[in-house]
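Report on the structure given below.
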Protein chains: 2
Amino acid sequence: MPNRKAATPISLVEVKTACSNCNLHELCLPMGLSHDEVEKLDELVANRRRLKRGEHLYRAGQPFDAIFAVRSGFFKTDVLLEDGREQVTGFQMTGELLGLDGISTEIHSCNAVALEDSEVCTIPFSHLEGLSREIQTLQHHFHKVMSREIVRDHGVMMLLGTMRAEERLAAFLLNLSQRFTARGYSPAEFYLRMTREEIGSYLGLKLETVSRAFSRFQEEGLIAVQQKHVRILNIPGLKQLMNHQQGRG
Amino acid sequence: MPNRKAATPISLVEVKTACSNCNLHELCLPMGLSHDEVEKLDELVANRRRLKRGEHLYRAGQPFDAIFAVRSGFFKTDVLLEDGREQVTGFQMTGELLGLDGISTEIHSCNAVALEDSEVCTIPFSHLEGLSREIQTLQHHFHKVMSREIVRDHGVMMLLGTMRAEERLAAFLLNLSQRFTARGYSPAEFYLRMTREEIGSYLGLKLETVSRAFSRFQEEGLIAVQQKHVRILNIPGLKQLMNHQQGRG
DNA sequence: CACGCACGTTGACTTGGATCAAAGAGGCTT
DNA sequence: AAGCCTCTTTGATCCAAGTCAACGTGCGTG
């Protein structure tokens, strides 16, 4: 994916890299920590890194030594098979963590790509483990985040294993809506950062099927969609679609 | 699933519950710990619990307060949708951990069921976190185990999202083979503890499709299968099947 | 400001796996 | 040792989603 914008000049005044003056407390790793504890975290965040659209944050096979918190922007993670097949394993937005896959073998097992110009905080993993041994709240919160990722993955398995195309897309849209809401954006109106093909890869569908499902939802008055711009008109309708349809295998 | 055997009487001599005299060091949580450290772990394992075939270790919705290490036997975990659809999210064997899903919300999000008479060690989670703050090796190993689970889940997503039926079954058999090998069993011959329907649920297929794929593998001389007894005759053949087939979506 | 190119939509046709149905195989239970 | 019940296999048919193809659309660059 080529970069389409001219390089944005980096501000001459270096923004202080610190959790204590970041507005993502309630979403990110410092969630639930006391003021003093968050100040300890400040030492932890080694630096920020800006990425242009299309740039890789890390690639499968690269050595792991840090996890990343999305400060702004939007990412996808994917796994590639030798024969070229791609599985998108997730889309990450503000406040979410990237790189947990690398802890296991200390080699990243997937790719992380910015889907728009983005910024991440780099958290060296050994520092995080060190501080987790000191701050119980941080330790517990980190464990919750990893566990939440496992639970999320189970949800995706359910989606891929038992749902039909339209149910999958409905689940996907409702999930995005809910995450945008948690970040203070409209639950009903957003721009998709990913292509139909990337949505399809995540949902185990071909891009044409995704496109047709969008069109169908529009015909049925559930959403209004034009290219990447989506407006959800009938949230209960989308939810209902997931409960009452017959499964497939 | 009804229990088919008479209740096995519990030995009058209570087996000492202790990691230090357990032969699963190299598979289970104590992996890589020093002798002294493993002795500290001994306090951690609150007790063992025996389960009959078909019995639930925990259910979705129940409060979480401990994780479990499989000491012997075989489990499945699954998630149920309101409309009755089931997704098997994993099969767990000796040395593997159960219950990581519950850390996130302190409520279990899936069911864990014994597929044969089994025994687990109960590890109260707050104790594990406490000891992790003292023993860096334990902390790091636990993080690796959680991360490995995430990576495994990504593999299942790849399987569900991009592979055709026969590729899925081949991947499943090769995975089992490899895990049995790591436990000192034959890589080529084993009994399946789960039904065709449970395999199907895990692989996102109907039981008939699983059965037909088994039959096809047998016709092609890749395996010999009779009901739950499987003998793998051609491991490279199964591997090849996964690389050279065209994907589906 | 127009051209190119990546992305998206829609139609026609094909197909892998689901569904429906019926018969065989073990292994508990009585 | 008979009978039941669950699991498995196999066949016939159907359909949701894939494939192939052609045409829109809109952004970003020259």
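In what follows, chains are A, B, ... by sequence order, proteins preceding strands, each numbered from 1.
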Q) Looking at Thr195(A), does any N or O in its side chain come under 4.0 Å of the phosphate oxygens OP1/OP2 on dA6(C)? A) no
**Q.** Separation of dG16(C) C1' from Leu203(B) CG (nearest whole Å)
**A.** 16 Å
Q. Taking atom C1' of dC28(C) as reference, at what distance in whole Å does atom NZ of Lys52(B) sit?
A. 14 Å
(Q) How many whole angstroms separate atom CZ of Arg85(B) from atom P of dT19(C)? (A) 11 Å
Q. Taking CZ from Arg193(A) and P from dC7(C), how many angstroms apart are they, rounded to a whole number?
A. 16 Å
Q. Does a side chain donor of either Gln87(B) or Ser201(B) reach within less than 3.5 Å of an acceptor in the other side chain?
A. no
Q) Do any side-chain nitrogens or oxygens of Arg196(B) fall under 4.0 Å of OP1 or OP2 in dT8(D)? A) yes
Q.
Using OP1 and OP2 only, check whether a side-chain N or O of Lys228(A) sits under 4.0 Å from dC7(C).
A. no
Q.
I need the CD-P distance between Glu198(A) and dC7(C), as an integer number of Å.
A. 8 Å
Q. Whole Å only: how far is the CD atom of Glu197(B) from the C1' atom of dG17(C)?
A. 16 Å
Q.
Under 4.0 Å between a side-chain nitrogen and a carboxylate oxygen: does that hold for Glu149(A) and Arg152(A)?
A. yes
Q: Indicate, with a heavy-atom threshold strictly under 4.0 Å, whether Ser211(B) touches base, sugar-phosphate, or nothing.
A: base
Q. Given atom CZ of Arg164(A) and atom P of dC14(D), what is their separation to the nearest angstrom?
A. 17 Å
Q | Row check, Phe214(B) ring normal vs Arg196(B) NZ/CZ: under 6.0 Å, within 45° | A | yes
Q. Do Glu208(B) side-chain and dC20(C) base share a donor-acceptor contact under 3.5 Å?
A. yes
**Q.** Charged N-O contact under 4.0 Å between Arg212(A) and Glu166(A)
**A.** no
Q. Of the nucleotides dG18(D), dT10(C), dG26(C), which one has an atom closest to the side chain of Gln227(B)?
A. dG26(C)
Q.
Any N or O donor-acceptor pair under 3.5 Å from the base of dG11(C) to the side chain of Arg212(A)?
A. yes
Q | N/O donor-acceptor pair, side chain Arg216(A) with base dT10(C), under 3.5 angstrom | A | no
Q. Between Glu119(B) and Arg49(B), does at least one N-O distance fall below 4.0 Å, as a salt bridge requires?
A. no
Q.
Students often get this wrong, so: under 4.0 angstrom with heavy atoms, is Gln226(A) touching a base, only sugar-phosphate, or nothing?
A. sugar-phosphate
Q: Could you check how far CG of Leu207(B) sits from P of dT6(D), rounded to whole Å?
A: 14 Å
